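The next block holds one structure in the form of structure tokens; read it before the comments.
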Number of protein chains: 2
Amino acid sequence: MAEEIPARLGIDAVVVGVCDERPQVLTFATDGRPRLPSGAFAPALDRTLELAARRVLSDQAGLREGYLEQLYTFGDRHRDPREVAGGPRFVSVGYLALTGIDDVNCAALGGAWHDWYRFFPWEDARGSRPEILDRIIVPLLRRWTAAARDDAGRAFRARVAFGLDGAPWNNEAVLERYECLYELSTTSGGADAIATLGEAMDLDHRRILATAIGRLRGKIKYRPVVFELIGEAFTLSELQSTVEALAGMELHAPNFRRLVAESGIVERTGAQRRTSGRPAETYRFRPDVLAERPDPGIGIR
Amino acid sequence: MAEEIPARLGIDAVVVGVCDERPQVLTFATDGRPRLPSGAFAPALDRTLELAARRVLSDQAGLREGYLEQLYTFGDRHRDPREVAGGPRFVSVGYLALTGIDDVNCAALGGAWHDWYRFFPWEDARGSRPEILDRIIVPLLRRWTAAARDDAGRAFRARVAFGLDGAPWNNEAVLERYECLYELSTTSGGADAIATLGEAMDLDHRRILATAIGRLRGKIKYRPVVFELIGEAFTLSELQSTVEALAGMELHAPNFRRLVAESGIVERTGAQRRTSGRPAETYRFRPDVLAERPDPGIGIR
DNA sequence: GTAATAGTGTCTTTCAGACAGTATGAC
DNA sequence: GTCATACTGTCTGAAAGACACTATTAC
């Protein structure tokens, strides 16, 4: 075998916060294209991969603690243009970090928060999804599936991913939808859909973000991760709108209250908060729930 | 910064099959210690990480297709003794492969199937768990938590992981339990529990296996992955015992039947199979279920 | 008073667990 | 017939969705 050039290992981090009912992702700009915080893995410095991710977050976002979880490792050929130009393979371990939006020293370091639906406008059922889906995406999918010889495979994927023909919409299938649109864009008649339907990101960072959104939407249902994104004390309305922002869908308020309150995942603080209407009770996360239920999350379907 | 030695990237694969109501994992032997199939990532050869994993599986197990899923990437310092001896950092991307036990050309290549509970005897509620847990593990955990200054943290972890003091047993928390026992073993009085409580594996492969078991136990509930492990036609009893083997617990047969049959995840083949009692109807997986339900799995709690 | 938000009670349907009992084969 | 396994029906309680309703603030 020829002499092997070793792969280069790096870290990409998806840092998520929620502000004003909008989920935000932390980005920097490369030639005007948003990219995720990232850096090289340094074996001499980093005892573990997670510590490497923490170092990157600390250096680039001033973020020193908080929830951090390994997402997925990305290593496709040519995912980094430096490889196309004769460089080595760049493999990246993706991490998901959750934080309060104020815990990040953002502007000082050249970073910016962006509503994540800017990159995936079809993922927000509260906003523009219906029109985008019906007017643009569904017709494109129909043409794409009709054009294929392996018709059944494409059609089935599109149907499951986008809930066509009566199939249910699964809000966790963010990556599957992105990949349908991505492939569709590479075919004739695809009209470069993926580029016009939402904002692009540097390298494969949009794919990494799609992976993160899907993971977070799943995890919220069986792990108490929402609480990493809101303050220590919160009203049930705040909790609800945070969940709605992440899930990209609206929830029925009375049922949400009941589900959350009865699940034991929160407890009253005793304090109230002023609103423009009746003042709201505030709540806090109740860690003991972890010992009481095997899958303590927020019940959304 | 000193000149950086780049990390070396590899693949470790957990290949799972089920035979005779026992979940099996494919291993090879290094100095008598079982290890997982593994190999170096070769950028020149492998267009993607998944294809690298498939190459490893093909070379080492003669396994050319089937279900394959990325698990987790392991990169802790000193996870490979070659690093301790001055070598570079060895980072490994773990993969989970599911297969019928006959699809692997096992003996010819020096591999062997092992019941995975051999490495985690406390994970099987159908077998020896109750005694091991009550007589050995729980007393060790009590001493371990009592000895800690940050009592609350350790005690809480042990309580949640092992279902102490009325907390529920979560059969997905395989890694959390393994890590409790691992840490416990490094403290005085730990009696090297992790080494005596189950068989050791090479490197950190036991941790990788724990990760795989936990992932599979979770996934079975919302994705039709069991069907990768059994033949195309199967009786409901076979399906049940396969699920029980993976989950490490017994299920109530009449309810299991009803749940599975009504969920639309299977359909009758029309053929029957002889048993030692009344002949059983055989069923097959029904792929259309993917388009009907967002989370088509086997309903177990 | 009205508007706005917070919060409660109840009805209905669905679903999961428990259990009793029947069906069909081998011997 | 007995034994073993396969399979069905029904009861019960828990949980989830829909909806009508009340409470407390600002103005």
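Throughout, protein chains are lettered first and strands after them, A, B, ... in sequence-line order, and every chain is numbered starting at 1. Quick note: numbers below take in every heavy atom, side chains included, and nothing from hydrogens, waters or symmetry partners. This structure is a prediction, so every number in the text was calculated from the model and none was measured.
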Task: Residues in contact with DNA chain C, drawn from residues 269-279 of chain B - heavy-atom cutoff 4.0 Å - done: B/G277, B/R278, B/P279
Open item on the list: From C-beta outward on A/R257, which listed nucleotide comes closest to its side chain: D/dA6, C/dA6, D/dC7?
Closed with: C/dA6
TODO: Can you tell me the distance, in whole Å, between the CZ atom of B/F234 and the P atom of D/dA6?
DONE: 14 Å
Open item on the list: Strictly below 4.0 Å, N to O, side chains only: are A/E123 and A/R217 in salt-bridge contact?
Closed with: yes
Task: Rounded distance in Å - CZ (B/R268) to P (D/dA6) - done: 14 Å
- [ ] Would you mind checking if B/R207 and B/E179 are paired as a salt bridge, meaning a charged N to carboxylate O distance below 4.0 Å?
- [x] yes
TODO: Take the protein atom CG of B/N255 and the nucleotide atom P of D/dT10, then report the distance between them rounded to whole Å.
DONE: 15 Å
Open item on the list: Do the side chains of A/R286 and A/E292 get close enough for a salt bridge, i.e. N-O under 4.0 angstrom?
Closed with: yes
Open item on the list: Output the rounded distance in Å from CZ (A/F256) to C1' (C/dT5).
Closed with: 16 Å
Task: Length of the line joining B/L259:CG and D/dC7:C1', which is rounded to integer Å - done: 15 Å
Task: Nucleotide C/dC15, atom C1' - distance to CD1 of B/I265 in whole Å - done: 16 Å
- [ ] Starting at atom CD of A/E238, determine the distance to atom C1' of C/dA6, rounded to an integer number of angstrom.
- [x] 13 Å
TODO: Confirm from the modelled atom types if A/R258 and C/dG7 form a donor-acceptor pair under 3.5 Å, side chain to base only.
DONE: no
- [ ] For the helix from C/dG1-D/dC27 to C/dC27-D/dG1, figure out the bend between the end axes, five pairs an end, and round to 10 degrees.
- [x] 10°
- [ ] Taking the six-membered ring of A/W113 (Phe, Tyr or Trp), confirm whether the NZ or CZ of A/R22 is under 6.0 Å from its centre and within 45° of its axis.
- [x] no
Task: B/H252 side chain, from C-beta outward: closest of C/dC19, C/dG7, D/dA18 - done: C/dC19
Open item on the list: What is the separation between atom CZ on A/R293 and atom P on D/dA14, rounded to the nearest whole Å?
Closed with: 15 Å
- [ ] Please say whether the positively charged group of B/R293, taken as NZ for Lys or CZ for Arg, lies over the ring of B/Y222, i.e. under 6.0 angstrom from the six-membered ring centre and within 45 degrees of the axis.
- [x] no
Open item on the list: By the 4.0 Å heavy-atom rule, please label B/T235 as base, sugar-phosphate, or nothing.
Closed with: nothing
Open item on the list: Donor-acceptor check, side chain of B/E228 to backbone of B/V225, threshold 3.5 angstrom: yes or no?
Closed with: no
TODO: In plain terms, say whether A/R142 and A/D165 are close enough for a salt bridge, that is, a side-chain N and a carboxylate O under 4.0 Å apart.
DONE: yes
Open item on the list: Taking the minimum atom-to-atom distance to the side chain of A/P254, which one of C/dG17, D/dA6, D/dA20 wins?
Closed with: D/dA20
Open item on the list: Just to be sure I understand the rule, does A/E262 reach a base, reach only the sugar-phosphate, or reach nothing, if contact means heavy atoms closer than 4.0 Å?
Closed with: nothing
- [ ] Check the angle between the aromatic planes of A/F227 and A/F234 and answer parallel, tilted or perpendicular using the 30° and 60° thresholds.
- [x] tilted
- [ ] Report yes or no: does B/E281 contribute a side-chain atom to a donor-acceptor pair with the main-chain N or O of B/R268 at less than 3.5 Å?
- [x] no
